[in-house]
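A, B, ... follow the sequence lines: proteins, then strands. Residue 1 opens every chain. What you see is a predicted model, and the numbers here were worked out from it, not measured in a lab.
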Amino acid sequence: GQQVMQIPQYQHVQEGEDFTTYCNSSTTLSNIQWYKQRPGGHPVFLIQLVKSGEVKKQKRLTFQFGEAKKNSSLHITATQTTDVGTYFCAASGSARQLTFGSGTQLTVLP
Amino acid sequence: EAQVTQNPRYLITVTGKKLTVTCSQNMNHEYMSWYRQDPGLGLRQIYYSMNVEVTDKGDVPEGYKVSRKEKRNFPLILESPSPNQTSLYFCASSRQGNSPLHFGNGTRLTVT
């Protein structure tokens, strides 16, 4: 089946530093979604990207979909302790099913 | 309130003792899915259902069964649990297969 690579697996940042996680696929995607899972919680949908080159913002979070629709990134500006958690991408291809990346676990040090 | 309800939240059992984890959604979603989450492996799909009476294997279906007799319910059945099925399980639903997913709160299963 479709595979989605997500890096890095772990990231420790000092509060106020920026953070980025990346997802890559070898095949063209129809859409990509991002989820956040707080420690002890369940994944919560953040956003969906559909168009080539699309950029969406949610406050300090910026989501990008690559021009070739094979990669995506989530960037957090000036991290806060509330940003702690694991961020997952989930990609959909021709099978119209979502495949999750392995996640990036973000730790924010106060 | 729109939600996906999973039960139980925690379950400790012994090898070979059949168990069922229930999942129910109140959003009239057609698509439902089960995932297991293990450290470093992300969310791996066990089974999914596109609609009532339609189920299919995900990436890691061995040792699991599901049924979809009603739209709202999608139970996960472990006929003979083994220790390698110790994991955190999530049920999720969505309008269709590649739509945003709503997740349940999870079931932490320990098989000894």
Exercise. Sort Gln37(A) into side chain, backbone, both or neither according to what part of it lies under 4.5 angstrom from a heavy atom of chain B.
Key: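 Side chain of Gln37(A) only, per the 4.5 Å heavy-atom cut-off to chain B.
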[X] atom [atom1], over 12 foreign heavy atoms within 6.0 Å:
| X | atom1 | result |
| --- | --- | --- |
| Arg108(B) | CZ | no |
| Tyr22(A) | OH | no |
| Met5(A) | CE | no |
| Arg95(B) | CZ | no |

Quiz item: Between Pro100(B) and Gln48(A), what is the shortest heavy-atom contact and its length?
Solution: CD-OE1, 3.6 Å
Practice problem: Compare every heavy atom of Ser99(B) with every heavy atom of Gln33(A), then report the nearest pair and how far apart it is. | Solution: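 So the two residues come closest at NE2-C, 3.5 Å.
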Quick check: do [X] and [Y] have side-chain heavy atoms less than 4.5 Å from each other?
| X | Y | value |
| --- | --- | --- |
| Tyr35(A) | Leu43(B) | no |
| His42(A) | Gln6(B) | no |
| Leu101(B) | Phe100(A) | yes |

So if you build clusters from Ile, Leu, Val, Met, Phe, Trp, Tyr with side-chain heavy-atom gaps below 4.5 Å, do [X] and [Y] land together?
| X | Y | answer |
| --- | --- | --- |
| Leu76(B) | Tyr48(B) | no |
| Phe45(A) | Met32(B) | no |
| Leu78(B) | Leu11(B) | yes |

Practice problem: Pick one of side chain, backbone, both or neither for Ser33(B), based on which atoms fall under 4.5 Å of a heavy atom in chain A. | Solution: neither
Quiz prompt | Side chain / backbone / both / neither for Phe103(B) at chain A, heavy atoms under 4.5 Å | solution =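 Both backbone and side chain.
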Quiz item: Among Ser102(A), Gly40(A), Pro43(A), Gly103(A), which has the most heavy-atom pairs under 4.5 Å with chain B?
Solution: Pro43(A)
